[in-house]
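Down below is the structure, laid out as structure tokens.
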Amino acid sequence: TFRLYGPDPTVYTHSYLCFGRDQALSRLLAELVQASTGLLIRHPCYHSGYRGTLALASLYESPCAPAAPPDLSQNLTVEGTGNPGACVEALRKLFNFSSCDGREDCAFAGVYQPPVQGQFYAFSNFYYTFNFLNLTSKPSLSGANATIWEFCLRPWKLVEASAPPGQDRWLRDYCASGLYILTLLVE
Ligand SMILES: *[C@@H]1O[C@H](CO)[C@@H](O)[C@H](O)[C@H]1NC(C)=O
Ligand SMILES: *[C@@H]1O[C@H](CO)[C@@H](O)[C@H](O)[C@H]1NC(C)=O
């Protein structure tokens with residue numbers, strides 16, 4: 001409870017550290033690295049035909065990262081497989097929904113969650129992602145789901161060819177972001 005111009009409101013707040021979009025996607029990539037035997041990672045949330053490299057060390061800079069392997073000097077090659085179903089499965093594991101054991105007062109990661117009501121506000125990455133995917137005009141849930149899946153299934157070549165200018169840095173992550181948002185808000 002705190003004082004705010006008269007009546008003292010009672011507020012519940014919780015910050016889910018390491019579950020924000022950027023950290024979640026970085027943790028997802030680190031999980032894929034740990035599950036693979038070599039330095040070629042097949043990523044279900046990246047479009048088929050996508051291929052990129054990144055320094056292994058960059059995945060372990062955040063306190064949210066899992067334990068780092070001993071040799072961080074190597075580079076990884078990441079290849080997209082464009083598989084939204086497998087991407088959602090991988091995201092679900094990150095949220096650890098099962099740790100709530102079906103309890104109503106728990107949303108994910110075993111953290112207490114009181115009943116929610118009223119309007120929801122989502123901003124920053126949530127807006128940029130849905131804006132990029134043309135989903136800001138209140139689509140139905142099934143419509144949003146279909147649009148995001150269809151986008152994830154598009155070959156990388158087509159995604160690149162039809163991207164508005166200035167999107168290069170974020171382009172490969174919109175599929176994962178869209179599925180992350182759906183998984184978080186729906187489940
Ligand atoms: C999921 O949550 C349970 C209970 O909180 C915990 O023991 C387990 O390690 C978590 N699993 C992952 C993958 O984080
Ligand atoms: C969003 O709509 C614009 C205009 O119709 C289109 O050019 C663009 O490809 C769409 N974006 C996606 C990700 O489908």
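The analysis underlying the following values was restricted to heavy atoms, covering all of them including side chains, and did not include hydrogens, waters or symmetry mates. Just so you know, ligand 1 is whichever comes first in the structure, and atom 1 is the first atom listed for that ligand.
Under the 4.0 angstrom criterion, atom 7 (O) of ligand 2 counts as lacking any protein heavy-atom contact. In this structure, atom 2 (O) of ligand 2 has a protein heavy-atom contact shorter than 4.0 Å.
In terms of polar-atom proximity, defined here as any N/O pair under 3.5 Å, R154 does make such a contact with ligand 2.
Counting the atoms of ligand 2 from 1 in the order shown, those under 4.0 Å from a heavy atom of F132 are 11 (N), 13 (C). Taking a cut-off of under 4.0 Å to the non-hydrogen atoms of N134, the atoms of ligand 2 that pass are 1 (C), 2 (O), 3 (C), 8 (C), 10 (C), 11 (N), 12 (C).
Using a cutoff of 4.0 Å between basic side-chain nitrogens and carboxylate oxygens, E89 and K93 are not scored as salt-bridged.
Among protein heavy atoms, atom 9 (O) of ligand 2 sits closest to S162 O, 4.6 Å.
I41 approaches V33 most closely through the heavy-atom pair CD1-CA, 3.8 Å.
Ring centroid separation for the pair F126 and Y121 does not come in under the 6.0 Å cut-off.
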Please step through salt bridge (Lys or Arg N to Asp or Glu O under 4.0 Å) for the pair R27 and E31, ending with a clear verdict. CA-CA 6 Å; R27 285 167 55 215; E31 295 293 340; 5.7 Å; no
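Within 6.0 Å of atom CZ in F123, 12 or fewer heavy atoms from other residues, nucleotides or ligands are found, so the atom counts as exposed in its surroundings.
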